[in-house]
Amino acid sequence: MINVAVLGAGRIGRVHAENISRHPAAELVAVVDPILSNAQTLAAAFGGRALSDPLEVINNKAIDAVIIGTPTDTHVDLMLRAAAAGKAILCEKPVDLDITRAKAAEQELKKLNIPVMLGFNRRFDPSAAEIKRRLGEGDIGELHQVIITSRDPGLAPAEYLKHSGGIFRDMVIHDFDMARWLLGEDPVEVYASGSRMFAPELEALGDYDTVMVQMHTASGKQCHINCSRQAVYGYDQRIEVFGSQGMLMNDNLRANTVREYTAHQTESRVPLLDFFMQRYTDAYRLEMDAFITAVSSGKPLPVTPHDGCMALKLADAAQLSVETRAPVKIS
Ligand SMILES: NC(=O)c1ccc[n+]([C@@H]2O[C@H](COP(=O)([O-])OP(=O)(O)OC[C@H]3O[C@@H](n4cnc5c(N)ncnc54)[C@H](O)[C@@H]3O)[C@@H](O)[C@H]2O)c1
């Protein structure tokens, strides 16, 4: 059994705590949050002790692994402290909002030689994983283009947006990781445009509600990401990959597959699963399973701090590209 503690008892902490509690090879031994009532709520639902100080977990030799689901600006500090204490780590994205700090942490973690995984859960979505598998099998020949649509159902709360680091570092970061993973190569140039189509208040934050990103790799593979903070029809998450011998694409998920036909409309269906906690339920479960399995077996973790830094680098390049209205080379 791997003894696991969850740091941060907020939205994502709940998802992870539940998945640990259901995992046959893991035990949830503690939930930590400075707002003790948050920790108590999760501990009561999924097990473990409720604590308010992460150091109580980090200094506890009986705890093998920590899940860091705390606000982004605490990730680096908590990762380094937990790694120095020898804990295996699954840390939420992004590593940090500052690439210099993120890269320094990556180097430090490498030196400590501790298993650290980054929470790019979408790689574990069964359809995304199937697309990746078939690409690897050569089902569509040589990959030419990756097209990612990623639209949130609505704007996050103002307080969250203030500290989020902007649409590229907070939201599109998942798509940058997906792009690198599917392309199988790092993009060498990024061009992005950003607009405020419905949330003018984002100007004060230097942020955007609607963005498009175009990238290419050294071998010429292309990627296009389109992203909105508000799709009135719900959480829209689609991937299309196009190659010399065909195309693969996934669909959005719904609670059921029933289509209704009446005198007034045809093909009417229930809404899309909304929001990430419903849409990516399987992905979070499989992500946790990949983490626990790798830690138990000593095998390499499937997503690394390096992946986190590379996605952040692309996010920074996209932000710069919007500001300068020019393509940005990735060094
Ligand atoms: N992978 C994903 O799909 C996904 C989804 C949502 C959030 N996230 C990431 O997870 C992180 C948390 O986001 P959230 O939406 O759950 O936030 P949240 O505000 O809902 O929860 C964060 C919790 O952490 C607690 N906290 C603050 N400092 C702490 C510390 N030092 N130690 C322990 N707990 C502490 C807060 O009191 C709060 O309860 C962010 O970095 C975010 O980018 C990832």
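None of these values were measured; they are calculated from a predicted model.
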Quick check: does any side chain N or O of Asn19 sit under 3.5 Å from a backbone N or O of Met288, one acting as donor and the other as acceptor?
-> no

Indicate yes or no for a side-chain donor-acceptor contact from Asp209 to the backbone of Met197 under 3.5 Å, with no hydrogens or angles considered.
-> yes

Test: [X] and [Y] ion pair at under 4.0 Å:
| X | Y | result |
| --- | --- | --- |
| Arg238 | Asp251 | no |
| Arg81 | Asp77 | yes |
| Arg134 | Glu130 | yes |
| Glu260 | Arg269 | no |
| Arg229 | Asp207 | yes |

Going by heavy atoms in the side chains, are [X] and [Y] under 4.5 Å from each other?
| X | Y | value |
| --- | --- | --- |
| Cys91 | Met117 | no |
| Lys93 | His174 | yes |
| Ile147 | Cys223 | no |

Is there a side chain to side chain donor-acceptor pair (under 3.5 Å) between Asp236 and Thr149 once you walk through the steps?
-> CA-CA 7 Å; Asp236 188 3; Thr149 296; 5.7 Å; no

Run through Gln237, Arg279, Lys132 and flag the one making a side chain to side chain donor-acceptor pair (under 3.5 Å) with Asp125.
-> Arg279

Judged by modelled atom types alone, do Glu185 and Thr217 share a side-chain donor-acceptor pair under 3.5 Å?
-> yes

Locate the shortest heavy-atom distance separating [X] from [Y]; write the atom from each residue and the value.
| X | Y | answer |
| --- | --- | --- |
| Ala105 | Leu80 | O-CD2, 4.2 Å |
| Ala83 | Leu112 | CB-CD1, 3.7 Å |
| Asn256 | Val258 | OD1-N, 3.1 Å |

When you measure from the centre of the six-membered ring of Phe276, is the NZ or CZ of Arg122 under 6.0 Å away and within 45° of the axis?
-> no

